[in-house]
Every structure is written in structure tokens, then in C-alpha cells.
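The block underneath contains the structure these notes are about, expressed in C-alpha cells.
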Protein chains: 4
Amino acid sequence: MAERYPGGMHGAIASGITELLGESVAVTVATQDQPEHGLTEEVLDATDVLTWWGHATHASVDDAVVERVHLRVLGGMGLLVLHSAHFSKIFRRLMGTTCSLAWRNSGDTELVWSVNPSHPITAGIPQPVVINEHEMYGEFFDIPAPDELIFISAFSSGEVFRSGCCWQRGKGKVFYFSPGDQEYPVYHHPDIRRVLANAVLWARPEHRADFIAPAVINQPAPQFNRGDITEGVGA
Amino acid sequence: MAERYPGGMHGAIASGITELLGESVAVTVATQDQPEHGLTEEVLDATDVLTWWGHATHASVDDAVVERVHLRVLGGMGLLVLHSAHFSKIFRRLMGTTCSLAWRNSGDTELVWSVNPSHPITAGIPQPVVINEHEMYGEFFDIPAPDELIFISAFSSGEVFRSGCCWQRGKGKVFYFSPGDQEYPVYHHPDIRRVLANAVLWARPEHRADFIAPAVINQPAPQFNRGDITEGVGA
Amino acid sequence: MAERYPGGMHGAIASGITELLGESVAVTVATQDQPEHGLTEEVLDATDVLTWWGHATHASVDDAVVERVHLRVLGGMGLLVLHSAHFSKIFRRLMGTTCSLAWRNSGDTELVWSVNPSHPITAGIPQPVVINEHEMYGEFFDIPAPDELIFISAFSSGEVFRSGCCWQRGKGKVFYFSPGDQEYPVYHHPDIRRVLANAVLWARPEHRADFIAPAVINQPAPQFNRGDITEGVGA
Amino acid sequence: MAERYPGGMHGAIASGITELLGESVAVTVATQDQPEHGLTEEVLDATDVLTWWGHATHASVDDAVVERVHLRVLGGMGLLVLHSAHFSKIFRRLMGTTCSLAWRNSGDTELVWSVNPSHPITAGIPQPVVINEHEMYGEFFDIPAPDELIFISAFSSGEVFRSGCCWQRGKGKVFYFSPGDQEYPVYHHPDIRRVLANAVLWARPEHRADFIAPAVINQPAPQFNRGDITEGVGA
């Protein structure tokens with residue numbers, strides 16, 4: 001992996017987004033070995049879209065940080081969940097399911113097909129994207145039915161996988177994208193980089209986002225009083 | 001085709017359903033060359049679930065019969081749309097899209113994967129179903145996003161297809177299932193026959209179905225009168 | 001109506017969009033009494049988003065024009081379907097259902113509640129929008145389950161209605177919005193005008209739209225040949 | 001509450017189900033003050049559908065029990081989440097959102113409208129159900145978009161609420177139904193009892209359910225080997 005990704009997985013992901021979105025975005029990185037995994041309140045307060053790649057050490061991620069990221073997503077921050085992060089605490093918490101799947105690492109070819117050709121995430125993406133060698137992820141993928149299904153992958157070994165899925169949770173947008181194993185140069189692939197850049201743009205919060213998760217409201221005034229309208233409760 | 005399906009496509013479909021559901025169902029057949037394509041008012045009045053297979057001659061199907069079937073589905077009759085019937089008038093009318101797809105007939109192997117293992121249509125179905133040779137149907141399949149996605153097919157040639165899809169329209173249930181080309185013995189395949197039988201059971205109308213399509217109601221009485229409840233409008 | 005809407009319904013709708021979106025849009029109008037209802041090939045070729053309001057005379061709309069608009073929507077043009085246009089030919093064709101509903105015109109108050117506070121269509125919209133008097137539209141509304149449900153209305157008379165619904169059909173986006181009866185000054189209401197303007201922006205096609213409806217593809221080359229990748233088929 | 005529900009909330013819920021489903025079901029009750037809240041491994045092993053009502057003391061529910069119920073639902077057990085249990089740990093874990101809402105307890109009239117007249121949960125239910133007095137629950141309700149929206153409530157005070165919602169999570173079915181406050185005799189209302197009984201039948205697992213949550217599979221054999229099929233992996 002050090003040869004393939006000398007700047008780390010995070011470095012390759014960041015460089016692709018920077019390359020394609022340029023100065024319209026400010027990209028920073030956070031890694032698990034940093035204090036609070038680099039995801040302090042200050043950092044999250046400055047983050048519109050978070051990408052999350054993780055592998056093998058999900059269990060050692062601090063629950064307090066997961067809680068913080070969770071609330072930020074529900075408040076409007078976009079989240080891109082990448083490859084083996086299907087088993088991350090944050091993804092499982094947002095989905096409510098096991099997020100388990102079938103897998104095999106035998107260097108099969110993966111073809112990524114769009115089933116939503118007018119979706120912003122598929123802009124400029126060939127049909128299909130060809131990944132010469134990759135880890136196989138297959139069905140059954142235990143996720144809630146996506147709000148929007150974007151990509152389905154075929155493997156030369158015969159399996160299929162819902163490889164690009166969108167959900168809304170609270171005020172935030174979540175995109176799961178499966179290509180991205182550390183043993184293959186997937187994040188140097190121009191089409192994969194394009195998908196990530198498109199997804200960052202798609203997942204941006206509305207400019208009016210306050211990043212406050214929805215909360216219970218004890219609504220004092222009825223809207224109608226014996227059929228007459230009272231003052232509007234307002235936005 | 002005559003050798004492979006001596007009883008016609010309809011004969012093979014009917015025999016599979018009869019074989020698996022036995023006396024719990026009464027199976028009859030209707031063919032395009034019959035008067036009103038065999039789908040008279042009387043026949044439809046006695047039909048809970050209709051299977052529709054068609055190929056090449058969709059354009060010559062009588063619009064009045066399509067209208068009749070359409071209203072019956074909206075009123076609660078189940079509909080199974082099979083293989084090349086993706087281009088039938090009735091399916092296109094129910095979907096509102098072109099229902100176009102990519103295809104190639106080169107005898108590729110098709111694997112049918114379930115993405116919904118607890119759905120009644122997948123009961124008793126292996127993961128995956130293996131069809132040794134079949135026509136390829138691939139994405140992009142121009143359909144409304146299914147209410148429930150059940151099967152995704154992989155082809156040995158690399159394509160994928162949403163091969164089993166459920167929708168509700170009006171009071172009726174619609175299932176599209178792509179395996180079933182006339183040049184291959186697909187309808188003799190025990191797993192495919194099982195899917196059809198399961199889908200017939202799934203698509204049955206609720207016992208309370210009146211088979212009357214939803215209609216506009218000029219609702220005379222308000223529910224509230226200055227905040228006081230009036231008589232309930234009832235079911 | 002002439003007093004309330006001296007410029008016609010189309011005039012009021014157009015003026016609201018112009019007022020809020022200014023020079024970022026070019027608004028033109030087409031009316032049913034024009035040749036081809038004003039929706040010639042040339043006009044549609046220049047249209048990114050079409051708003052459709054109609055009442056009572058749906059049946060006299062030319063089927064050829066409906067077909068033309070239908071294909072344009074499937075090719076990427078956005079469509080806003082307003083109020084009584086739930087019974088328009090174009091909406092029924094896109095939905096595949098009867099689009100029937102319950103109604104009563106007795107000047108009830110309508111409150112329009114958002115159930116999707118981070119959706120672009122709800123930007124700047126108070127919770128709820130208060131319409132002092134309006135025609136009642138109630139459930140059951142016979143539509144396919146919306147891809148996104150945006151607004152639910154309550155009436156002072158006690159009924160509810162899914163008053164703001166989004167669907168994707170082909171490459172195009174469709175938004176149905178029920179406020180807008182000709183007997184009430186609904187289209188002069190600033191919040192309603194804001195919803196229409198937001199929806200126009202939301203329904204815009206992706207800049208890459210070619211406005212060509214999806215079509216069948218006889219895909220010549222397999223993606224894999226005995227496990228080896230062949231030439232990519234490309235976008 | 002003791003006067004209104006002398007047998008407790010659980011007693012009223014149980015009696016309604018027993019009354020309507022009779023000997024086809026075996027109903028038992030578990031309460032929070034029991035060891036393990038009455039939801040031991042043995043009890044859950046014998047449970048096809050669990051109803052969950054809770055109020056105010058959600059925080060004191062044992063996380064280990066929640067985890068056990070969660071896995072059982074993902075394995076196929078049906079779950080009915082009732083009224084203030086929108087804030088229960090189990091519902092929030094399954095949904096992944098805050099599940100917050102607007103509320104006010106001022107004895108408003110609630111009308112429960114069906115938006116899915118052919119769904120099994122609405123069988124025999126009048127349109128609308130009239131609840132003379134109830135606590136108001138209003139939007140925005142912070143839940144994932146339901147897989148199926150069944151009921152929308154209107155309140156005489158003007159609010160609306162998505163009061164009946166279905167989701168699938170893993171192999172299990174989840175139904176949220178909001179009527180059921182302890183200060184009102186809602187669970188003695190015949191229509192509400194009918195909804196609960198219908199929902200129990202709807203949420204039953206498929207007879208093939210093994211109640212084992214989906215798990216990761218390291219799939220050893222490819223399906224294809226250079227284009228030739230290998231041995232089927234089977235179900």
C-alpha cells in the first residue's frame with residue numbers, strides 16, 4: 001500500500017478532489033491516529049462534506065467522535081462513505097442495519113454501471129467504468145433501500161453489487177461508493193476521482209444549513225382555533 | 001421455438017404456475033390471435049393476476065384492450081410483465097417512461113441475484129439463479145425507480161440489469177421479471193418457475209379488492225366545522 | 001377570475017417566476033388556444049422547464065402535443081404540474097395512474113407543511129404556508145408513491161393532501177404542486193411564488209442534457225470475453 | 001392513566017390484538033420493570049412480532065436488551081413502534097436519525113387518513129379514523145423517508161403528521177404508528193385496535209425466517225471462471 005498510495009488513502013482521495021474541483025473547495029485531511037481522530041468540534045464546524053475511508057480498525061474509533069459526526073450529518077453536513085467504511089461505526093449508525101456484504105479479494109475486474117444517467121453524480125462518467133482489478137463486494141448488502149440507486153457493479157467473477165447509493169438522513173446527504181480498496185490503485189483512476197468530486201458537490205448542504213440536527217419542538221400555539229387561523233408559527 | 005415450447009410461451013408459463021401452486025389457483029390462457037386477445041370483460045372480471053408475455057407485435061395490440069387491462073390493474077388486479085413485454089403497451093402505460101434498455105442476443109450466461117432476501121418473491125430461490133444461456137438485457141433500463149428492487153442480473157459478458165422490480169399502481173401490484181426469451185428454455189428452469197409462482201401469490205389483490213380504479217370524489221361534508229367534528233365520511 | 005387574474009393564470013405564474021429569478025431565466029407563455037397550444041417543436045427545443053396549469057378542458061388538448069412534451073420530459077426537460085393539471089393528459093401519462101383525488105370548493109383554509117426541510121424546493125418557505133381560502137384537495141390521491149414527498153397540506157375542514165411531490169421520469173424531473181385554484185389569489189401569495197421559483201431551479205436539467213429520451217440499444221460488443229475485458233463501450 | 005388503562009398500556013394493546021386475531025396468535029406481555037425488561041433471549045426466541053410502547057424512561061432501557069432486539073429485528077422479527085416510542089432507543093437505532101417531532105398536548109381532534117387504500121394495514125379501516133381527543137404530533141418528523149407511507153393525520157389545530165410508516169430493515173419489518181397516548185382512551189378505539197392487529201399480521205416474518213441477522217460472507221468461489229460457470233454457490 002505504501003508504494004501504491006505514498007500519501008495514504010486520504011492523500012489520494014484528497015488529491016483527486018482538489019484536482020477536479022480546484023479552488024472551489026478547501027480540502028483538509030484527518031487521520032485516525034490524530035487526537036479525536038482529527039475530527040474536533042472546530043474541524044467539523046468548518047466542514048461541509050466529510051469523506052470517510054476506514055479499514056480493519058473501525059472498533060477503535062471513539063464513540064464520542066462518532067456521535068459528533070452523526071449529529072453534524074443530521075444537521076446538514078454531507079458524508080461520503082467509501083469502500084470498507086461500510087463497516088464503520090458512523091455508517092452503521094446512520095443506516096441502522098448490519099451493513100454486511102459478501103466479499104472476496106481475488107483481483108476480479110469490476111464494471112461500474114450507472115442506473116441513473118441524469119443524476120449529478122454520474123456527470124461525465126463513462127458507461128461502464130472499467131476497473132481492471134479490484135476486491136469483489138457482492139450481494140446481499142444489508143442496507144436500507146437507497147433513496148436513490150446510482151451505480152450497480154458487475155464483477156468478472158459473476159457477482160453484482162449496489163456500488164453507489166444515496167440516502168438523506170436528517171438534513172444531511174449520505175453517499176456510499178464501494179470502489180476504493182487499498183491493494184489496488186482505484187483512487188488514481190480518473191473516472192473514480194470524477195465520481196468522488198461529483199459526489200462532494202452533490203452532498204453539499206443547502207446554503208441555508210445551520211448544521212443543527214432536528215430537535216423536538218413543544219409547539220405552543222395551535223394553527224387553528226375553532227376553525228379560525230391564529231398567527232403562523234413561522235419557519 | 002416450436003421445439004423448445006411446443007405449447008407456446010403461454011403454455012410453459014401456465015404449466016409452471018399450475019405445477020407449483022396446484023389447485024389453489026385456476027390458470028387459463030389468452031393469446032393475441034383470439035378476439036379481443038382473449039381478454040374480454042368477462043375474462044378480466046374473473047382474473048386476479050394476469051401474466052403478460054409479448055414480443056415484436058406489441059403495436060398490433062388493441063388500445064381498447066390495453067385500456068381495459070389498465071383500469072383493472074388500477075382497480076386491484078396483479079400484473080406480471082415478462083421479458084420482452086417491457087415494450088408492451090400496458091407496461092409503458094403503467095410506467096410512463098420509454099421502458100427501453102440495452103440488449104444483445106449472444107447466449108450469455110445470466111446470474112440472477114436477490115437483493116431482498118426476505119421478500120416473498122425470493123422464497124426458495126437460490127442465490128444466485130444460474131441461467132446457462134440467455135439473451136442479455138442491460139442498463140440503462142428506463143423505468144421509474146422501483147418501489148421494491150428484488151433481483152439484479154449479471155451476465156457473463158459483463159452487463160447488469162435490474163431484472164426483478166415491483167411497483168404499486170392504483171390498487172394493483174406490478175412485477176417485472178426479465179428472464180424468459182423464446183430462444184432459450186428459461187421457462188422450464190425450476191427456479192424461474194418458482195419466481196413466477198411466488199410473484200403470482202405476491203400480486204394477488206387484497207381480498208377486499210373491488211377491482212374499481214380510484215375515481216374522483218366530490219366530498220360534500222367537511223370533517224371539521226369551526227373545530228367541531230362532523231359525521232365521519234366513512235370508508 | 002378575470003378580476004383576480006387579469007393577466008390569466010399563466011400571467012400570474014410567469015410574473016412570480018420572473019420576479020424571483022429575474023434575468024437568470026427567460027420566461028415565455030403558451031396557451032391552449034394557440035396553434036399547437038403554443039408548444040411547437042421550436043418552443044420546446046428552447047424550453048428547460050415547463051409549467052403546466054389546466055382546468056376543465058384537458059380532453060381537448062392535442063395528443064400529438066402531449067406526446068411531444070412527454071418525450072421532451074423523458075429527455076430531460078423539467079415539468080411543474082399545477083393544481084387541477086393533476087388531470088391533464090401529460091401528468092396522467094407520466095404517472096400511469098388515474099391521478100384522481102377528493103375535492104370540495106368551500107373556501108377552506110389550507111396550511112402547507114414541509115416534510116423535507118433541507119430540500120431545495122423548501123428554501124425560504126415558512127412552516128407552514130398559510131393560504132386563507134382555497135379549494136380543498138384531499139386523499140386518496142391516486143399517484144405512484146413520490147420519489148420525494150415535500151409538502152403535506154392540512155385543511156381547516158380536516159382533510160390532508162400530499163400537495164408537493166417529486167418524481168424522476170426518464171432524464172426529467174417532475175414536480176406536482178396543488179395550490180393554485182383560479183377562484184383564489186393563490187398565485188399572488190409570496191410563499192407560493194417562492195415554491196414555484198424554487199421548483200423551476202430544482203427541475204432544471206443537468207447541463208449535459210441532450211433532451212433525447214432514452215432509447216433501445218442493441219449493444220454489439222460484450223464487456224468481457226471469457227473473462228478478459230474487451231474494448232470499453234464508453235459513455 | 002390507571003383509570004383509563006387499569007391493565008396498563010400493554011394490557012390494552014394486548015387485549016386488542018387478542019380480541020381481533022384470536023387463537024391465531026399467542027400474545028404475551030413484557031414490562032420495563034421486569035428483569036431484562038422481560039425481553040430475555042428465551043422470550044425473543046419465541047417472538048415473531050414485538051410491539052413497543054414507552055414513555056419518558058427510554059434512557060433507562062438496558063443497552064444490551066436494545067442490542068438483542070435490534071439483531072432479532074434484522075433477523076426477521078416484526079416490530080411495531082407505538083406513539084412516544086418514537087424516542088425509544090430501539091427505534092432511533094433502527095432509523096439512524098433523531099426521530100424528533102413537534103408536539104402539544106391540548107386534546108385536539110385527530111383524523112387519520114389512509115394514503116394507501118390497498119395496503120393490508122388499512123383493511124377494514126374507515127377513511128378517516130376519528131380520534132376525538134389526542135395529543136398532537138406534528139411535522140417535521142425526523143425519520144428516513146418511509147419505504148411505504150400508510151397514514152397521514154390531520155389535527156383540528158391544523159398540524160399534519162406522517163402517522164403510519166413502514167420500513168424494512170435487514171430481514172425485518174418495522175411499522176410506526178403514532179396514535180396511543182396514555183392520557184386518552186385511544187387503545188380502546190376499535191379502528192385503532194384494528195390497525196394494530198392488521199400491522200401484526202403484516203409484520204410477521206416469512207415462514208422461512210431464521211431470525212439470524214445478515215452477516216458478512218467471505219465468498220470463496222467465483223461464479224465465473226474466465227467466462228465459464230463454476231459450481232453454483234447456492235442459497
Side-chain angles (χ1 to χ4, degrees), chain A residues 70-71 73-75 86-87 90-106 108 136-145 147 154-160 167-172 174 213-230 232-233, chain D residues 70-71 73-75 86-87 90-106 108 136-145 147 154-160 167-172 174 213-230 232-233:
Chain A
H70 187 204
L71 284 174
V73 171
L74 299 181
H86 71 92
F87 261 164
I90 182 62
F91 189 57
R92 294 171 73 173
R93 181 176 294 208
L94 280 161
M95 297 291 106
T97 56
T98 66
C99 302
S100 56
L101 45 71
W103 67 281
R104 185 188 56 250
N105 192 351
S106 54
D108 301 296
M136 185 282 290
Y137 272 17
E139 297 288 344
F140 172 64
F141 186 20
D142 178 29
I143 48 172
D147 294 339
F155 290 86
S156 52
S157 43
E159 292 88 358
V160 296
W167 296 268
Q168 187 175 315
R169 288 298 180 265
K171 303 176 190 169
V174 179
V216 70
I217 296 169
N218 186 350
Q219 199 152 282
Q223 302 293 318
F224 294 134
N225 185 9
R226 313 210 117 250
D228 302 319
I229 320 164
T230 60
V233 163
Chain D
H70 187 203
L71 284 174
V73 170
L74 298 181
H86 72 91
F87 261 164
I90 182 62
F91 188 57
R92 294 171 74 173
R93 180 175 296 208
L94 281 160
M95 296 292 106
T97 55
T98 66
C99 303
S100 56
L101 45 72
W103 67 280
R104 184 188 56 250
N105 192 351
S106 53
D108 300 297
M136 185 280 290
Y137 271 17
E139 298 287 343
F140 172 64
F141 185 20
D142 179 28
I143 47 172
D147 294 339
F155 290 86
S156 53
S157 44
E159 291 88 358
V160 297
W167 297 268
Q168 186 175 317
R169 288 298 181 265
K171 303 176 190 169
V174 179
V216 71
I217 296 169
N218 187 349
Q219 200 153 278
Q223 303 291 318
F224 294 133
N225 185 11
R226 311 210 118 252
D228 301 320
I229 321 165
T230 61
V233 163

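Just so it is clear: chains get the letters A, B, ... in the order the sequence lines come, proteins before strands, and each one is counted from 1. Remember, it's a predicted structure, so these values are computed and weren't measured experimentally.
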At a heavy-atom separation under 4.5 Å, does A/F87 approach chain D through its side chain, its backbone, both, or neither? side chain

Checking D/L74 against chain A: side chain, backbone, both or neither under 4.5 Å from a heavy atom? side chain

Toward chain D, the part of A/S106 with a non-hydrogen atom under 4.5 Å: neither

Which region of A/R93, side chain (C-beta onward) or backbone (N, CA, C, O), has a non-hydrogen atom less than 4.5 Å from a non-hydrogen atom of chain D, or is it both or neither? backbone

How many angstroms lie between atom CD of D/E139 and atom CD1 of A/I217, to the nearest 0.5 angstrom? 10.5 Å

Rounded to the nearest 0.5 angstrom, the CD-CD distance for A/Q219 and D/E159 is 5.0 Å

Using every non-hydrogen atom in the two residues, find where A/F224 and D/S156 come nearest and quote the distance to one decimal. CB-O, 3.4 Å

With chain A, which of D/D108, D/D142, D/V73 has the greatest number of heavy-atom pairs at distances under 4.5 Å? D/D142

Option among A/Q168, A/H70, A/R169, A/K171 that satisfies the side chain to side chain contact (heavy atoms under 4.5 Å, CB included) test with D/T97: A/R169

Under 4.5 Å from any heavy atom of chain A, what part of D/T98 do you find: side chain, backbone, both or neither? both

Rounded at 0.5 Å granularity, tell me how far CE in A/M95 sits from CG in D/L94. 13.0 Å

Among the listed options A/A145, A/C99, A/G138, A/A102, the residue most often paired with chain D at heavy-atom distances under 4.5 Å: A/A102

Return the CH2 to CG distance between D/W103 and A/N218, rounded to the nearest 0.5 Å. 4.0 Å

